[in-house]
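Throughout, a chain's letter reflects where its sequence line sits, starting with A, and its residues are numbered from 1.
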There are 2 protein chains.
Amino acid sequence: MDLQEGKQKFIESWGKMASDWGINRTMAQVHALLLISPDAISADEVMEGLNISRGNVNMNLRALIDWGLVHKKLKAGERKEYFYAEKDMWTVVRQIIIHRKKKELEPMIRVLDDVAGVEASCPESESFCKVVKDIRMLSQRADQTLDTLVKADSSWFANIFYRMVR
Amino acid sequence: MDLQEGKQKFIESWGKMASDWGINRTMAQVHALLLISPDAISADEVMEGLNISRGNVNMNLRALIDWGLVHKKLKAGERKEYFYAEKDMWTVVRQIIIHRKKKELEPMIRVLDDVAGVEASCPESESFCKVVKDIRMLSQRADQTLDTLVKADSSWFANIFYRMVR
DNA sequence: TTTTGTTTTCAAAAATAATTGAAAACTATG
DNA sequence: CATAGTTTTCAATTATTTTTGAAAACAAAA
């Protein structure tokens with residue numbers, strides 16, 4: 001496998017994984033392309049690199065910036081904008097956690113809190129109340145843990161998995 | 001909020017969360033319905049409960065059984081099949097981890113291993129090799145950790161988050 | 001074997017999500 | 001202010017995913 005082929009495979013695979021996880025495939029491919037670019041590149045270069053339209057590139061770069069995974073760079077004396085990816089993988093993981101937690105876990109917890117109000121009438125539906133209680137507890141634990149995780153620093157992160165399994 | 005409303009909200013919310021995570025919304029709603037049903041129910045009851053077609057119910061029950069989240073129950077003297085959800089949340093989490101790890105993380109790791117072969121020619125693309133190396137290491141760590149997790153028992157699981165954040 | 005109740009399949013239809021591309025909106029510069 | 005380079009928007013199109021429903025397959029009982 002040569003370098004070009006390897007890059008291609010990496011981009012495709014990153015996109016596939018993302019779409020399995022509910023993230024737009026193209027967004028992940030733009031991310032992958034930037035991750036493996038030594039320098040910041042322009043929207044035109046992304047268009048060309050992935051064969052996608054200008055509008056698509058613009059929207060996905062915007063989303064990536066919103067997720068904190070990509071940054072803008074302005075080159076002196078040039079009007080064009082350049083983009084580069086955050087390459088520190090701990091920061092990438094942290095940003096993804098922050099983003100998805102806010103958009104997905106937190107709303108879920110709010111619903112579970114609401115629904116838990118029904119628990120007053122629990123005896124009449126033990127099954128429902130038990131499930132809500134269990135999932136709610138699990139979600140809250142996850143929420144707390146993720147909060148701690150995102151506040152942790154890189155070296156702590158490097159050890160976390162090791163600590164978990166020891 | 002009354003019980004009926006609470007159940008409805010729970011089913012919708014579970015479905016929404018699932019589709020955010022790349023899981024078919026209806027599959028999750030069938031799962032939610034079974035989770036909050038005190039007894040095993042038939043495909044007809046699922047059809048009626050969620051207003052979906054027989055084919056859809058059949059396919060999603062099948063998928064849930066494949067994921068190890070739902071089981072079949074045959075009642076003596078009846079030809080109809082009944083279904084009930086696994087209610088132990090640790091088992092639910094474990095089954096989801098097993099399933100998604102096998103279908104998504106492991107193929108990704110295989111691609112990264114392949115692509116890492118390019119590393120031989122690394123000096124000519126430091127950026128690419130560095131990213132692949134970092135993601136590969138991260139994925140392998142996650143893989144090992146998840147293996148340990150799925151082998152762990154329920155009480156261990158109950159403590160894991162606590163241990164992580166202490 | 002035939003009938004009847006039930007599950008399964010899968011091509012076609014519907015619903016949802018992503019993409020395009022051209023026009024509008026910006027914005028630096030002359 | 002006007003021009004030109006660039007980014008942004010978004011209605012229309014295209015692609016993908018999900019759902020339907022009727023027919024086929026299956027299996028227990030008559």
Return the polar atom pairs (N/O with N/O) between nucleotides 24-30 of chain D and the protein under 3.5 Å, or none.
{"unit_1": "D:dA27", "atom_1": "N3", "unit_2": "B:R79", "atom_2": "NH2", "d": "3.4"}

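- Distance CG (A:D20) to P (D:dT17): 10 Å, rounded to an integer number of Å.
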Checking A:I41 against A:V46 for the side-chain contact (heavy atoms from CB on, under 4.5 Å) test, could you report, in this order, the C-alpha distance in whole Å, the side-chain angles of both residues, the deciding distance, and whether it holds? CA-CA 7 Å; A:I41 64 181; A:V46 176; 3.7 Å; yes
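- In this structure, B:E81 atom CD and C:dT7 atom P are separated by 5 Å, rounded to whole Å.
- Note: CD (B:E45) to P (C:dT6) measures 12 Å, nearest angstrom.
- Distances shown here put every side-chain N or O of B:N58 at or beyond 4.0 Å from the OP1 or OP2 atom of C:dT7.
- For the pair A:K101 and A:D147, the minimum side-chain heavy-atom distance is below 4.5 Å.
- A 6.0 Å sphere centred on CZ of A:R25 holds no more than 12 heavy atoms belonging to other residues, nucleotides or ligands.
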Can you build the contact string for nucleotides 15-26 of chain C? Use B for base contact, S for sugar-phosphate-only contact, and - for no protein heavy atom under 4.0 Å. ---SSBB-----
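- Side-chain contact check for A:K16 versus B:P107: every heavy-atom pair is 4.5 Å or farther apart.
- Summarising the geometry, the separation between CZ on B:R62 and C1' on D:dT19 is reported as 17 Å, rounded to the nearest angstrom.
- Whole-Å rounding puts the A:E78 CD to D:dA4 C1' distance at 16 Å.
- To the nearest angstrom, P of C:dT6 lies 13 Å from CE of B:M47.
- The aromatic rings of A:H71 and A:Y84 sit tilted, their planes meeting at an angle between 30° and 60°.
- Under 3.5 Å, the side chains of A:E45 and A:S42 contain a donor-acceptor pair of N or O atoms.
- Ring planes of A:H99 and A:W67: parallel class, angle under 30° (limits at 30 and 60°).
- The pair A:D20-B:K103 does not meet the salt-bridge criterion, since no charged nitrogen lies less than 4.0 angstrom from a carboxylate oxygen.
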